[in-house]
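Down below is the structure, laid out as structure tokens.
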Amino acid sequence: MFKSTSEQTIKELNINRLKDQERSRRGKMEDRSALLSGDFEHLISKTLQKQFSDPRHVQILTDVSCNVFKRVIEEVFKHPGVEKREFQNKAGEADPTFEQLKEDMSLDVWMQEIFKFMGAYNDCLVQILSTEQGESPYVRIFSPDEVTVMTHPMDPTHMIAVSYDIEDELTGDEASIVWTESEHYIQTKSGQMRPVAGSDDTINPYGFIPFVPVHGGIRSDCFWDCSTREDLVDFTLKYGASWSGLNHNRFMQSFKQPVLVDAYPGQRPPGRLGPDEMIVLEKSANGDASGRIEAIDLQIDIMPQVEGLQAQLGQKTSEYGLSADAFLRRSAAPQSGFSRALERKALTDRKETGYSFLVEAEYDVCDMLRAMWNFSNPGQLIPWESEFHIELAEEGTELSPIEEQEIRLKRLDVLEREIALGIRSKAGALAELENITIEEAQLRIDEIDAAAIAKAPPVQAPVDNNPFSGLMNEVTAKTNMKSDME
């Protein structure tokens with residue numbers, strides 16, 4: 001009896017511990033959802049309560065104007081776009097059914113949202129369900145605060161059940177939708193199970209859980225990551241709270257305070273102050289004037305505090321490869337393309353780290369889309385043997401026309417020196433410069449030589465066989481034209 005009671009107690013303690021962990025995890029992710037949506041004034045108020053013994057007056061001027069978390073996520077986790085996203089047969093041909101499907105369902109938009117969720121929450125679940133024949137599958141992205149995942153006791157990365165809350169359409173109470181590999185049902189508030197609407201039983205028709213787990217990092221001993229970028233959440237809230245306190249100081253200490261000095265006890269201060277309100281100094285019982293009015297200067301210099309906050313913002317945003325200028329709307333001289341590329345190197349490196357997990361998510365999501373399409377369209381299958389291929393678009397640096405001309409001039413000069421030294425052929429140099437094959441470059445050189453010979457005068461004259469001369473003249477003419485215009 002003692003043993004069974006002890007085991008039951010331990011089991012209940014473990015259940016309560018898991019419930020507390022799940023409640024804490026969801027609470028953290030709810031904060032991120034509030035920041036991502038922009039509705040986070042209550043989070044700033046909670047932060048102010050930790051900083052002030054009586055935050056009521058400060059909370060009146062709560063500042064939510066700079067949502068650092070949202071700006072960083074939207075910039076760092078912006079989908080680069082794709083050059084190719086297709087299922088290919090053995091001949092390398094794209095499957096036309098999937099090509100039409102991804103256009104009909106705007107797959108680019110869905111993948112952008114999934115990538116943003118990956119950055120904001122570190123993880124998310126993508127539910128994909130079959131629909132009517134010929135229609136695109138149903139897709140919903142769950143943030144971690146909206147869903148509970150039960151994992152295998154021996155493998156915390158493997159889902160064995162997924163549940164999320166709904167409103168019970170029969171009673172109006174809170175209920176849960178539950179998915180396992182074999183079952184799919186509604187669990188009521190009282191714990192009863194019943195089939196979902198439109199189903200006669202609690203059997204999962206797919207035989208697998210129709211959710212794609214998307215992770216923004218390696219998961220070896222856990223399913224959810226609640227720690228990564230928690231520093232960014234904390235900074236955003238403290239930064240907003242600091243500006244709220246500064247707004248309060250500016251409001252309360254940006255004026256001069258009138259004061260009655262040496263007033264006798266019967267003297268009453270005016271009900272309100274203003275240019276339309278007269279201050280009357282009453283006389284005492286023996287006829288003496290009652291006190292005098294002075295002003296206390298309460299104005300403070302807030303610029304050191306402002307500069308301190310801006311320095312903190314710059315330090316934090318630089319960790320993510322961003323400049324504080326974009327947040328502070330500072331005006332600066334236009335930068336060259338090279339300067340922009342150098343400044344964005346840290347950002348580019350951080351983006352590329354996330355791209356590897358984005359590609360993995362693309363594979364998993366598209367594979368689930370194929371499964372759900374084939375489930376409801378057996379007569380128009382996306383072949384199971386076809387392989388998925390994806391190529392992300394490269395993020396280039398935009399150069400101005402002047403910069404492009406300068407680069408071309410420098411490259412022409414280098415190529416001509418290499419040709420003169422004999423370390424590069426004319427055809428090889430022209431192929432690199434014009435982005436064509438060597439064979440095409442040689443044909444063009446032959447045409448130039450033939451045209452030069454045909455136009456040559458009877459008297460023997462040196463023939464310019466340099467295929468770059470025309471290009472150099474063109475560039476030089478454009479450069480001179482630019483100088484004349486300036």
Side-chain angles (χ1 to χ4, degrees), residues 14 16-40 42-44 46-47 50-51 66-78 113-126 141-159 162-164 211-242 312-313 315-322 346-347 349-361 364:
N14 285 333
N16 291 333
R17 177 178 58 83
L18 292 174
K19 286 182 177 179
D20 291 340
Q21 290 178 351
E22 183 67 8
R23 192 178 299 111
S24 173
R25 182 192 68 79
R26 281 201 171 197
K28 284 185 175 182
M29 294 300 110
E30 285 175 359
D31 291 349
R32 298 193 184 201
S33 291
L35 288 168
L36 199 60
S37 67
D39 183 17
F40 64 104
H42 63 287
L43 298 180
I44 300 293
K46 285 172 59 177
T47 306
K50 301 176 183 178
Q51 297 179 346
C66 189
N67 190 340
V68 183
F69 178 84
K70 183 177 181 181
R71 289 285 299 277
V72 169
I73 293 301
E74 290 181 345
E75 182 64 30
V76 177
F77 293 90
K78 182 187 298 181
E113 196 70 7
I114 289 171
F115 193 37
K116 185 174 72 173
F117 271 50
M118 181 197 297
Y121 302 102
N122 307 320
D123 311 274
C124 66
L125 284 184
V126 184
I141 307 172
F142 284 87
S143 58
D145 56 299
E146 297 177 317
V147 65
T148 296
V149 174
M150 285 149 277
T151 58
H152 194 281
M154 303 302 294
D155 183 4
T157 65
H158 177 63
M159 298 186 302
V162 175
S163 69
Y164 54 92
F211 287 83
V212 176
V214 175
H215 302 297
I218 298 174
R219 303 286 179 267
S220 57
D221 59 354
C222 63
F223 190 87
W224 303 111
D225 176 8
C226 299
S227 303
T228 303
R229 281 179 287 282
E230 191 65 18
D231 63 313
L232 186 59
V233 174
D234 185 62
F235 175 83
T236 301
L237 298 180
K238 289 182 178 178
Y239 187 74
S242 298
Q312 292 178 16
L313 177 63
Q315 182 177 3
K316 176 55 65 176
T317 55
S318 66
E319 295 176 9
Y320 291 87
L322 299 173
L347 173 61
D349 292 342
R350 184 172 283 270
K351 283 185 172 184
E352 290 178 351
T353 301
Y355 289 165
S356 58
F357 298 103
L358 170 62
V359 169
E360 184 178 349
D364 294 341

Assess whether side chain to side chain contact (heavy atoms under 4.5 Å, CB included) is satisfied between F115 and Y355, documenting all intermediate values. CA-CA 9 Å; F115 193 37; Y355 289 165; 4.0 Å; yes

As an exercise, state the distance from CG of D155 to CZ of R219, rounded to the nearest 0.5 Å. 13.5 Å

Please say which of R71, K116, R350 ends up in a side chain to side chain contact (heavy atoms under 4.5 Å, CB included) with V76. R350

May I ask you to decide if N122's main-chain N or O and D225's side chain share a donor-acceptor pair within less than 3.5 Å? no

Taking all non-hydrogen atoms of both residues, which atom of A241 and which atom of T47 are closest, and how far apart? CB-CG2, 3.8 Å

Taking salt bridge (Lys or Arg N to Asp or Glu O under 4.0 Å) as the definition, give me every residue that meets it alongside D364, ordered by chain and number, with sequence neighbours left out. none

Partner set under ring pair (Phe, Tyr, Trp, His ring centres under 6.0 Å) for F69, not counting sequence neighbours: none

Smallest heavy-atom separation, F142 atom then E146 atom, equals CA-OE1, 3.4 Å

All heavy atoms of D221 vs all of T157, minimum pair found to be N-CG2, 4.3 Å

How would you list, by chain and number, every residue that makes a ring pair (Phe, Tyr, Trp, His ring centres under 6.0 Å) with F223, sequence neighbours excluded? H215

With sequence neighbours left out, which residue pairs that include part of residues 27-40 fulfil the salt bridge (Lys or Arg N to Asp or Glu O under 4.0 Å) condition? R32-E230

Just jot down the ring pair (Phe, Tyr, Trp, His ring centres under 6.0 Å) partners of F357, sequence neighbours excluded, or say none. none

List, one per line, each side-chain donor-acceptor pair under 3.5 Å for residues 147-154, sequence neighbours excluded.
| from | atom 1 | to | atom 2 | distance (Å) |
| --- | --- | --- | --- | --- |
| T148 | OG1 | E22 | OE2 | 3.1 |
| T148 | OG1 | R26 | NH2 | 2.9 |
| H152 | ND1 | M154 | N | 3.0 |

For A34 and H42 the tightest heavy-atom approach is CB-CE1, 3.9 Å

Do the non-hydrogen side-chain atoms of V233 and L43 ever get within less than 4.5 Å of each other? no

How far apart are the closest heavy atoms of L313 and Y239, and which atoms are they? CD2-OH, 3.5 Å

Is there a side chain to side chain contact (heavy atoms under 4.5 Å, CB included) between E75 and K351 once you walk through the steps? CA-CA 9 Å; E75 182 64 30; K351 283 185 172 184; 4.1 Å; yes

V72 vs R229 side-chain heavy atoms within contact, under 4.5 Å: no

Taking all atoms of both residues into account, what is the closest heavy-atom pair of A361 and M118, and its distance? CB-CE, 4.3 Å

Verify the distance criterion only: is there a donor paired with an acceptor across the side chains of S33 and D145 at less than 3.5 Å? yes

Main chain of P213, side chain of D123: is a donor-acceptor contact present, judged purely on distance under 3.5 Å? no

Once you round to the nearest 0.5 Å, how far does CD1 of I114 lie from CD1 of I141? 4.5 Å

Would the distance check show the side chain of R25 and the main-chain N or O of C226 forming a donor-acceptor pair, the cut-off being under 3.5 Å? no

Go through the steps for Y121 and L36 under the test side chain to side chain contact (heavy atoms under 4.5 Å, CB included), then give the verdict. CA-CA 10 Å; Y121 302 102; L36 199 60; 4.0 Å; yes

Derivation and outcome, side chain to side chain contact (heavy atoms under 4.5 Å, CB included), residues E319 and D231: CA-CA 11 Å; E319 295 176 9; D231 63 313; 3.9 Å; yes

Hey, does F117 have a side-chain heavy atom less than 4.5 Å from the side chain of V214? no

Beyond-backbone contact of Y164 with L125, side-chain heavy atoms, under 4.5 angstrom: no

Can you measure from CZ (F40) to NZ (K70) and round to the nearest 0.5 angstrom? 9.0 Å

Just checking Q315: does its CD atom have more than 12 heavy atoms from other residues, nucleotides or ligands closer to it than 6.0 angstrom? no

